[in-house]
Amino acid sequence: MKGKFITIEGCEGVGKSTQLRLLKEYCENNGIDALFTREPGGCEVSEKIRNVILDPENGDMTDMTELLLYCAARAQHTERVIKPALESGRTVFCDRYCDSTAAYQGYARGIDIDVVNALNRAAMCGVSIDWTILMDVPPDKGFARKGGAQESDRLERETLAFHKKVYEGFTEIAKADRARFLCFRAEGTKYETHEAIVQALKEKGVFQ
Ligand code: TMP
């Protein structure tokens, strides 16, 4: 692939969206042709699947159905949006990708990680991730930042214990693949974290 593929991962409310917004502004201000997209979603079919997955009324959804829906959304998004962008040389930033599936459906829901990895591989349609930015913030802090859960979706409504398992999952996944992960504890201001991310992406040759 000619373009670089960067994913951003982490628990709920850890500042991913803010960092993606700042990265988008950085790319616009520096003439970098980058695509910003998200999972689940990122194209028409996958956004429809997102609505099904996250709908709080779908409380009866089984863990395997949930896993397959995330992977179905990913296959469509990858083939229709991510792959063409990478082939044309664009840098792609994706808000969540396969590591979320491993952390949420594998580590937290408890689905066999080999099954999750096999489905992830199929859903990636031959694309590989160059770098993953992990917002390494424990869920209790993220929950506090996010505030009221009144409007929350089906996954956000899970218990703190569930989100702690997600965090442990991300920690394990990052430990097992140190070469791909760029971890940020986000202890300073959002601008300090942004600077650190930009610096890391410069060191990796994503930005000049
Ligand atoms: P978002 O809130 O970051 O847009 O993500 C939607 C929710 O979906 C969030 O709770 C994380 C969850 N998720 C998974 O459980 N598995 C996945 O594969 C992805 C991409 C997201």
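Just so you know, ligand 1 is whichever comes first in the structure, and atom 1 is the first atom listed for that ligand.
The heavy-atom pair separating C71 from A123 by the smallest distance is O-CB, 3.4 Å.
Looking at R38 against ligand 1, nothing comes within 4.0 Å, counting heavy atoms.
For a threshold of 3.5 Å applied to N or O pairs, the pair formed by Y70 and ligand 1 contains at least one separation below that value. Residue contacts with ligand 1: R50 is placed with a nitrogen or oxygen under 3.5 Å of a nitrogen or oxygen of the ligand (distance criterion only). Residue R96 has at least one N or O atom closer than 3.5 Å to an N or O atom of ligand 1. Ligand 1 has a nitrogen or oxygen under 3.5 angstrom from a nitrogen or oxygen of E12. At least one N/O-N/O distance between Q105 and ligand 1 falls below 3.5 Å.
Less than 4.0 angstrom separates some heavy atom of R74 from each of these atoms of ligand 1: 18 (O), 20 (C).
Donor-acceptor pairing under 3.5 Å is recorded for the side chains of T101 and R74. Side-chain N/O atoms of Y70 and R96 include no donor and acceptor closer than 3.5 Å.
The option with the heavy atom closest to atom 6 (C) of ligand 1, from among D99, L54, T101, L155, is L54.
When atom types are taken as modelled, the side chain of D130 and the backbone of K4 share no donor-acceptor pair closer than 3.5 angstrom.
With rounding to the nearest 0.5 angstrom, the CD atom of E12 is 5.0 Å from the NE2 atom of H163.
A centroid separation of less than 6.0 Å is found between the aromatic rings of Y97 and F5.
K16 counts as a contact of ligand 1, since one of its heavy atoms falls under 4.0 Å from the ligand.
More than 12 non-hydrogen atoms from other residues, nucleotides or ligands lie less than 6.0 angstrom from CD of E28.
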